[in-house]
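Sharing a structure below in structure tokens format, with a few things to ask.
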Amino acid sequence: VHGDRLIGLLSFTNMSSKSDPRMPSRARRYEPRLNPDEFPGDWLAMASLIFGVMGLMMRYKICGWLSVFTCMSSIANMKRSEMDFKQVFCSVLFAVMSVVMNYFGIRAERQMSSGTM
């Protein structure tokens, strides 16, 4: 029973290859239609904001530095037409403030006044 099915399957594939309805002369290369409005947002700017907020709120110095580096790479890779002043300003502000507050913030003042550093 299994042998008959296999032979039937093989004969079916041979028949379909003889009468192939595709026309290779009409084949065209696929070119996706890109709409600039549908591109994903600048994920580096979003990462910069997230790292900046984490650096400010949780006092992680590494998050502050990651925020600075992702902010710089976001600004360097941003197109002039996509540049939004508010977004760039917030990203730079959070990046710089997270580093500044981690090194010169309230905790640093308390550590300096108590003599432990």
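This is a predicted model, so every value here is computed, not measured. Index from 1, following the sequence.
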**Request:** First locate atom CE of M72, then atom CG of L44, and finally report the distance between them rounded to the nearest 0.5 Å.
**Result:**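 Between atom CE of M72 and atom CG of L44 there are 11.5 Å.
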**Prompt:** Can you name the salt bridge (Lys or Arg N to Asp or Glu O under 4.0 Å) partners of R22, sequence neighbours left out?
**Reply:**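 Partners of R22 under the salt bridge (Lys or Arg N to Asp or Glu O under 4.0 Å) test: D20.
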**Asked** With sequence neighbours left out, what residues match F89 under ring pair (Phe, Tyr, Trp, His ring centres under 6.0 Å)?
**Response**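 Result, ring pair (Phe, Tyr, Trp, His ring centres under 6.0 Å) vs F89: F85.
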**For T70, all residues meeting side-chain hydrogen bond (donor to acceptor under 3.5 Å, both in side chains), sequence neighbours excluded** =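 Here no residue qualifies.
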**Item:** For the student: nearest non-hydrogen atoms of R59 and M101, plus distance
**Value:**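 Taking every non-hydrogen atom into account, NH1-O, 3.0 Å.
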**Prompt:** Side-chain contact, heavy-atom cut-off 4.5 Å: V88 with M78?
**Reply:**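 SC-SC contact between V88 and M78 confirmed.
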For residues 47-58, which side-chain donor-acceptor pairs fall under 3.5 Å, sequence neighbours excluded?
unit_1: S48; atom_1: OG; unit_2: S67; atom_2: O; d: 3.2
unit_1: S48; atom_1: OG; unit_2: S91; atom_2: OG; d: 3.0

**Partner residues of R28 under the side-chain hydrogen bond (donor to acceptor under 3.5 Å, both in side chains) criterion, sequence neighbours left out** =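 Scan of R28 (side-chain hydrogen bond (donor to acceptor under 3.5 Å, both in side chains), adjacent residues dropped) gives none.
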**Request:** Find the distance between CG (L66) and OH (Y60) and round it off to the nearest 0.5 Å.
**Result:**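 Answer rounded to 0.5 Å: 13.0 Å.
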**Message:** Suppose we screen for side chain to side chain contact (heavy atoms under 4.5 Å, CB included). Which residues come up paired with V99, at least two apart in sequence or across chains?
**Reply:**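 V99 satisfies side chain to side chain contact (heavy atoms under 4.5 Å, CB included) with W65, V68, Y103 once adjacent residues are dropped.
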**Asked** What distance do L93 atom CG and S98 atom OG have between them, rounded to the nearest 0.5 Å?
**Response**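 Going from CG on L93 over to OG on S98, the span is 9.5 Å.
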